[in-house]
Amino acid sequence: QAQLVESGGGSVQPGGSLRLSCVVSGYSYNNLCMGWFRQAPGKEREGVASIHPGADSARYYGDSVKGRFTISQDTAKSTVYLQMDSLKPEDTATYYCAAYKSSWGFCFARISRTDFGIWGQGTQVTVSS
């Protein structure tokens, strides 16, 4: 069974940057579709970004983070990253790494919570002055 472990959360001032990491173990990274979600208190879990392990250019972003966040990966390290720049207070949330098993190398061209069945424990990001 795949396991996802996030790291890199913390506190930062508005306008600052953080990079989250998620290491995959227990399953072949190249056979997973990867994504990042976030959930703020009292709000639903929101899709942030997704990436196709077999097609590095196949990246998708939520509207609220486009142009500020970048998802990337190192397949040799079974790791997916989320670079977060120009952070705003409304980015404050628990960030979750997520995955689902790809079928014949296919990943959906979207970020939908219902697609993802494997979740990390989450890492807190707080943006405050």
Let me check something: any side-chain donor-acceptor pairs from residues 62-75 under 3.5 Å, sequence neighbours excluded? List them with distances.
{"residue": "D63", "atom": "OD1", "partner": "K66", "partner atom": "NZ", "Å": "3.2"}
{"residue": "S64", "atom": "OG", "partner": "R38", "partner atom": "NH2", "Å": "3.1"}
{"residue": "S64", "atom": "OG", "partner": "E46", "partner atom": "OE2", "Å": "2.9"}
{"residue": "R68", "atom": "NH1", "partner": "S86", "partner atom": "O", "Å": "2.9"}
{"residue": "R68", "atom": "NH1", "partner": "D91", "partner atom": "OD2", "Å": "2.7"}
{"residue": "R68", "atom": "NH2", "partner": "S64", "partner atom": "O", "Å": "2.9"}
{"residue": "R68", "atom": "NH2", "partner": "D91", "partner atom": "OD1", "Å": "2.9"}
{"residue": "R68", "atom": "NH2", "partner": "D91", "partner atom": "OD2", "Å": "3.4"}
{"residue": "Q73", "atom": "OE1", "partner": "Y29", "partner atom": "OH", "Å": "2.7"}
{"residue": "Q73", "atom": "NE2", "partner": "H52", "partner atom": "O", "Å": "3.3"}
{"residue": "Q73", "atom": "NE2", "partner": "P53", "partner atom": "O", "Å": "3.4"}
{"residue": "Q73", "atom": "NE2", "partner": "D56", "partner atom": "OD1", "Å": "3.2"}
{"residue": "D74", "atom": "OD1", "partner": "A76", "partner atom": "N", "Å": "3.1"}
{"residue": "D74", "atom": "OD1", "partner": "K77", "partner atom": "N", "Å": "3.3"}

*asked:* Is there a side chain to side chain contact (heavy atoms under 4.5 Å, CB included) between F37 and I111? Walk through the geometry before answering.
replied: CA-CA 9 Å; F37 289 75; I111 315 166; 3.8 Å; yes
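- A continuous path of ILVMFWY side-chain contacts below 4.5 Å connects L87 to L82, so both sit in one hydrophobic cluster.
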*Please step through side chain to side chain contact (heavy atoms under 4.5 Å, CB included) for the pair Y60 and F108, ending with a clear verdict.*
CA-CA 10 Å; Y60 305 95; F108 292 110; over 6 Å; no
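- Every residue meeting the side chain to side chain contact (heavy atoms under 4.5 Å, CB included) condition with V125, not counting sequence neighbours, appears here in chain and number order: L18, L20, M84, Y95, V127.
- Interatomic distance, Q39 CD to T94 OG1, rounded to the nearest 0.5 Å: 7.5 Å.
- What you find for V24 and Y27 is that their closest heavy atoms are CG1-O, 4.1 Å.
- For Q121 (side chain) and V5 (main-chain N/O), no donor-acceptor pair under 3.5 Å exists by modelled atom type.
- Summarising the geometry, atom CZ belonging to R19 is positioned 11.5 Å from atom CG belonging to D85; distances are rounded to the nearest 0.5 Å.
- Around the CD atom of E90, the shell of radius 6.0 Å holds more than 12 heavy atoms that belong to other residues, nucleotides or ligands.
- The two atoms that bring T79 and S21 nearest to each other are CG2-CB, 4.4 Å, heavy atoms only.
- The stretch residues 26-35 participates, sequence neighbours left out, in no salt bridge (charged side-chain N to carboxylate O under 4.0 Å, His left out) pair at all.
- Residues L32 and I118 meet the side-chain proximity criterion, which asks for heavy atoms closer than 4.5 Å.
- Residues meeting the ring-ring contact (aromatic ring centres under 6.0 Å, His included) test with Y100, sequence neighbours left out: F116.
- Of the possible donor and acceptor atoms, one in the side chain of E6 sits under 3.5 Å from a partner among the backbone N and O of G122.
- The stretch residues 80-129 participates, sequence neighbours left out, in these disulfide (SG to SG under 2.5 Å) pairs: C22-C97, C33-C107.
- In this structure, the separation between OH on Y61 and CH2 on W36 is 12.5 Å, given to the nearest 0.5 Å.
- Screening residues 98-118 for salt bridge (charged side-chain N to carboxylate O under 4.0 Å, His left out), with sequence neighbours left out, gives R110-D115.
- Atom CD of Q124 has more than 12 heavy atoms from other residues, nucleotides or ligands within 6.0 Å.
- S78 OG to L4 CG: the interatomic distance, rounded to the nearest 0.5 Å, is 11.0 Å.
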_Under the criterion side chain to side chain donor-acceptor pair (under 3.5 Å), I'd like the reasoning laid out for T114 against S112: C-alpha separation, chi angles, the key distance, then a yes or no._
CA-CA 5 Å; T114 57; S112 174; 2.9 Å; yes
